[in-house]
Amino acid sequence: MKFGKGMVACGLVLVMAGIAPPAAFASSPEFARSAEEWARLRDNVLEYGEIEDLIAEYNATVQTNQLDLNEFKKKYGDTKDDVSAKYRDMADEIYASVDYPDADDPTYGYVVASVVMAEVQAKNLLQQADDNLEDSEIIYLNYKQAEKTLVTVAQSNMISYEKGLLQLKQAELARQQAETAMATANTRYANGLATQVDVLNAQEAKMTAERNIESARSSIENVRQKLLVMLGWRFDARPEIRNVPAADVSRIAGMNPQADKETAIGNNYTLKVNKKKLANAGSENTIDSLNKTIADNEQKIGSSLVTNYQNILTAKLALDQAAAELDLENRNLHSTEINFQQGNASRTELENQQYVVQNKQLALQIADLNLFQAMETYDWSLNGLASTS
């Protein structure tokens, strides 16, 4: 059991009802992974690259779905015909238990109502048997899609956590600037160079900065708890959370929505489910409907890839802009430092420019995280999660 891990709670319930039971142990048996792999997953360190495995092993929704799949196979079998036969068996059992009472029975009305309801239930089961398209593979694919979607949510939370830490630093810089401005306003007021309104405005700016810091801290903690619980830690655990990898800009050159569409279509979970339903379908109306759905799915997958690729290009432009702004402000800082040394700039001006540079450095890191996330979204579109709606 991972050190620091306790009860696991649901992260995102996609294909199950109710609340998943707590779990403290991995889904896979010990022999499923090497000792090194288990050690990495069980340590009290969270790395971005292990999120997918942590979800697979410790997320309660994934564990419950696995139990549900096993139960489905045990109860209904594997194939579409197995499932339909089970529905018919259940209907036959109900019909066999139906027994109409004598007309003079004191409970005649109540018993007849119950019998009629049972017959309706049996009839519905027979209809389900005729209409059924499901089999264990479809259940598995739906659960696997839920698992991978949970991975994307956890990855997004980890990126949001790191961005939150950077935004907290920005808020703290804003407070420092506000404190400097307030000190300046008080000095100017004491010397008759500023009004009481100027002092009050500076005080309000500082209080606003303080509120922003508290809001940022609260947001960070909220995201941190959600992330940890999804991955198997207790909400109040304190694992070391490593940095998200930097965006590999060189990868963009190899991305091509048109060329990648075939891969995205081949891997898409929703499309796999609909194609399996088509293989199980018998009626012309159902076959025609599913063919139209599949064609629409394929069009939507291609459109999703294009959109995700455009989002990468937009994020790359934002990163380039952030880098250019940082370069400009660094040059401005250099000029301000020279002016300060020559007595042509005040210490306040120098400090303010230093704050600007620090803000731009943080903005560049945030822009890099945004690009990294956009590239991850594109990758997941290739790996089965492209939108089909």
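Between the side chains of N308 and T377, no donor-acceptor pair of N or O atoms lies under 3.5 Å. Checking N70 against Q66 by side-chain atom types alone, a donor-acceptor pair falls below 3.5 Å. Side-chain contact check for T336 and E349: no donor-acceptor pair (N or O, by modelled atom type) lies under 3.5 Å. In this model, no donor atom of one side chain and acceptor atom of the other lie less than 3.5 Å apart for Y309 and D260.
Under the rule for a salt bridge (charged side-chain N to carboxylate O under 4.0 Å, His left out), the partners of E30 that lie at least two apart in sequence or sit in another chain are R42.
Around the NZ atom of K277, the shell of radius 6.0 Å holds no more than 12 heavy atoms that belong to other residues, nucleotides or ligands.
A salt bridge links E221 with R224; the closest basic N to acidic carboxylate O contact falls under 4.0 Å. One finds a salt bridge joining D130 and R88 here, because a Lys/Arg side-chain nitrogen approaches an Asp/Glu carboxylate oxygen to under 4.0 Å. A salt bridge is defined here as a Lys NZ or Arg NE, NH1 or NH2 lying under 4.0 Å from an Asp or Glu carboxylate O, and R211 with E214 fails to meet this definition. Looking at D53 and R40, no side-chain N of the basic residue comes within less than 4.0 Å of a carboxylate O on the acidic one, giving no salt bridge. A salt bridge does not link K86 with E93: every distance from a Lys NZ or Arg NE/NH1/NH2 to an Asp or Glu carboxylate oxygen is 4.0 Å or more. Comment: D296 does not engage K292 in a salt bridge, judged by the lack of any side-chain N to carboxylate O separation of less than 4.0 angstrom.
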**Report entry** Evaluation steps, salt bridge (Lys or Arg N to Asp or Glu O under 4.0 Å), between K276 and E134
**Finding:** CA-CA 8 Å; K276 192 64 170 66; E134 282 194 338; over 6 Å; no
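Residues Q177 and N359 form a side-chain contact, since some pair of their non-hydrogen atoms from C-beta on lies under 4.5 Å apart.
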